[in-house]
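When reading the values below, keep in mind they use all heavy atoms of this one structure, side chains included, and skip hydrogens, waters and symmetry mates. Counting convention: from 1, in listed order, for ligands and their atoms alike.
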Amino acid sequence: MKYKNILVTGGAGFVGSNLALKIKLNYPDCEVFVFDNLKRRGSELSIPRFKSAGITFIHGDIRNKEDFEELPEIDLLLECSAEPSVLAGIHSSPTYLINTNLGGTINCLEFARKYNSAFVFISTSRVYPIEPINSLRYLEDETRFSMLEQQQIAGASIEGIAENFPLEGARSLYGSTKLCSEIIIQEYMDGFGLTGIINRCGVITGPWQMGKVDQGVFVLWVARHVFGGDLSYIGYGGQGKQVRDFIHIDDLFAALDLQLCDIEKFNGKIFNIGGGKENSVSLQELTAICQRVTGREIPINSVYENRPADLISFITDSSKFRRMTGWRPLINAEMTVVDIADWILENKQQLKHILC
Ligand SMILES: NC(=O)c1ccc[n+]([C@@H]2O[C@H](COP(=O)([O-])OP(=O)(O)OC[C@H]3O[C@@H](n4cnc5c(N)ncnc54)[C@H](O)[C@@H]3O)[C@@H](O)[C@H]2O)c1
């Protein structure tokens with residue numbers, strides 16, 4: 001890996017902190033700098049972990065251009081900061097979301113341009129519009145909605161949603177700020193010769209995700225089973241049949257590592273990176289795994305009405321990236337739940353107030 005000075009924006013969050021620590025572990029000669037405003041509750045727990053790994057933490061806000069002035073020269077910027085909730089801005093002001101997820105990305109791009117550094121953007125499957133996804137053909141099985149073999153929209157198949165799925169339609173303010181950022185990144189690649197990659201990820205999960213009701217559903221589900229409390233199946237009949245694919249954060253690192261070690265091959269491209277149909281679960285199936293792993297059953301309520309911006313199912317078709325690299329996720333749902341449960345139990349005191 002040729003990069004020696006790496007900045008991870010939003011680097012104290014779940015994705016950023018795990019990637020920063022894994023980069024440092026695998027490439028100890030790299031200087032890794034983490035830049036974060038600690039907006040996400042629990043991100044502060046990353047700071048001692050950075051200290052013992054030899055990573056420099058810099059407190060700052062990507063919305064403020066002047067906060068970038070204290071940052072060192074870099075050759076790679078990994079943009080992991082965001083307001084990552086799909087519900088953000090729906091029942092409250094969208095200003096923070098827009099200024100971080102869009103304005104902040106532009107500040108990050110300008111900083112990358114200053115040093116001609118490479119730029120990797122963690123985007124989201126939420127760039128794909130909601131109504132066309134919900135209008136695909138699904139079969140209601142006993143525990144989940146399954147995509148049918150035959151679909152009538154380009155980019156949709158039994159493998160899931162591919163990069164050429166049409167982009168017309170509303171996608172949530174979260175998804176739209178990420179898509180707008182993608183478009184501007186492409187202009188920086190084209191106009192300024194920025195070296196860059198855009199990774200549209202489905203659900204990512206694993207230890208150190210501070211799961212809450214509106215973001216981080218895997219950890220929320222496991223945490224409730226560990227600490228007690230109740231959960232709700234919301235919408236689509238209230239039976240928990242909605243499906244998501246997921247990747248464990250270690251599988252995301254494996255994909256990123258392939259990209260960073262051969263950046264020219266991936267430069268300028270957009271990739272879907274997700275678990276695919278093999279790594280997918282419905283909420284009902286996730287409950288059953290959590291019960292097996294934790295040995296505990298908790299009350300689960302049923303809410304009939306759909307939640308805004310919710311999807312019946314999202315399965316990422318990552319064939320483009322898989323064909324180029326042979327990458328595939330190695331960590332399945334059961335292993336992921338075990339890993340999250342172990343992490344919660346090992347850090348129970350610290351996490352109790354954040355995850356409960
Ligand atoms: N977790 C997922 O399932 C998932 C899926 C697809 C894409 N993503 C993307 O991955 C990236 C990381 O998400 P995450 O799950 O780690 O979320 P997270 O909330 O755990 O991490 C985001 C970090 O950004 C920081 N941050 C927020 N606003 C900031 C600002 N204005 N300036 C500086 N730092 C700021 C937060 O404090 C937090 O530490 C996001 O871009 C998100 O869109 C996440």
To which protein heavy atom is [atom] closest, and what is the distance rounded to 0.1 Å?
{"atom": "atom 18 (P) of ligand 1", "answer": "R40 NH1, 3.6 Å"}
{"atom": "atom 40 (C) of ligand 1", "answer": "A82 CB, 3.4 Å"}
{"atom": "atom 44 (C) of ligand 1", "answer": "I204 CD1, 3.9 Å"}
{"atom": "atom 26 (N) of ligand 1", "answer": "N37 OD1, 3.3 Å"}
{"atom": "atom 10 (O) of ligand 1", "answer": "I122 CG2, 3.3 Å"}

Linking Ile, Leu, Val, Met, Phe, Trp and Tyr through side-chain heavy atoms less than 4.5 Å apart, which residues share a cluster with V303? I234
Does this structure show an ion pair linking [X] with [Y], if we count only N-O contacts that are shorter than 4.0 Å?
{"X": "E163", "Y": "R200", "result": "no"}
{"X": "K212", "Y": "D214", "result": "yes"}
{"X": "D75", "Y": "K2", "result": "no"}

When only distance counts, is [X] in polar contact with ligand 1, meaning an N/O pair under 3.5 Å?
{"X": "C201", "value": "no"}
{"X": "D36", "value": "yes"}
{"X": "P84", "value": "no"}
{"X": "I62", "value": "yes"}
{"X": "F14", "value": "yes"}
{"X": "V15", "value": "yes"}

With [X] as the cation and [Y] as the aromatic partner, state whether NZ or CZ is under 6.0 Å from the six-membered ring centre and within 45° of the axis.
{"X": "K39", "Y": "Y96", "answer": "yes"}
{"X": "R113", "Y": "F192", "answer": "yes"}
{"X": "K320", "Y": "F271", "answer": "yes"}

Can you sort out which atoms of ligand 1 are near [X], meaning under 4.0 Å from one of its heavy atoms?
{"X": "A12", "answer": "39 (O)"}
{"X": "G202", "answer": "5 (C), 6 (C)"}
{"X": "L38", "answer": "37 (O)"}
{"X": "R63", "answer": "31 (N)"}

Nearest heavy-atom pair of Q209 and L355: which atoms, and what distance?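 Q209 and L355 have their closest heavy atoms at O-CD2, 4.1 Å.
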Using non-hydrogen atoms of the residue, decide whether G216 is closer than 4.0 angstrom to ligand 1.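 Heavy atoms of G216 never come under 4.0 Å of ligand 1.
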E334 vs R292 side-chain heavy atoms within contact, under 4.5 Å: yes
Do V203 and F314 have side-chain heavy atoms sitting under 4.5 Å apart?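 Contact flag for V203/F314 side chains = no.
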At a non-hydrogen distance cut-off of under 4.0 Å, which region of [X] contacts ligand 1 (side chain, backbone, both, or neither)?
{"X": "F121", "answer": "neither"}
{"X": "Y174", "answer": "side chain"}
{"X": "Q209", "answer": "side chain"}

Could you pull out, from R41, Q215, K212, the option with a heavy atom nearest to atom 1 (N) of ligand 1?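 Heavy atom nearest to atom 1 (N) of ligand 1 belongs to Q215.
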Could you walk me through whether F119 and Y188 pass ring pair (Phe, Tyr, Trp, His ring centres under 6.0 Å), step by step? CA-CA 10 Å; F119 193 91; Y188 271 65; 8.2 Å; no
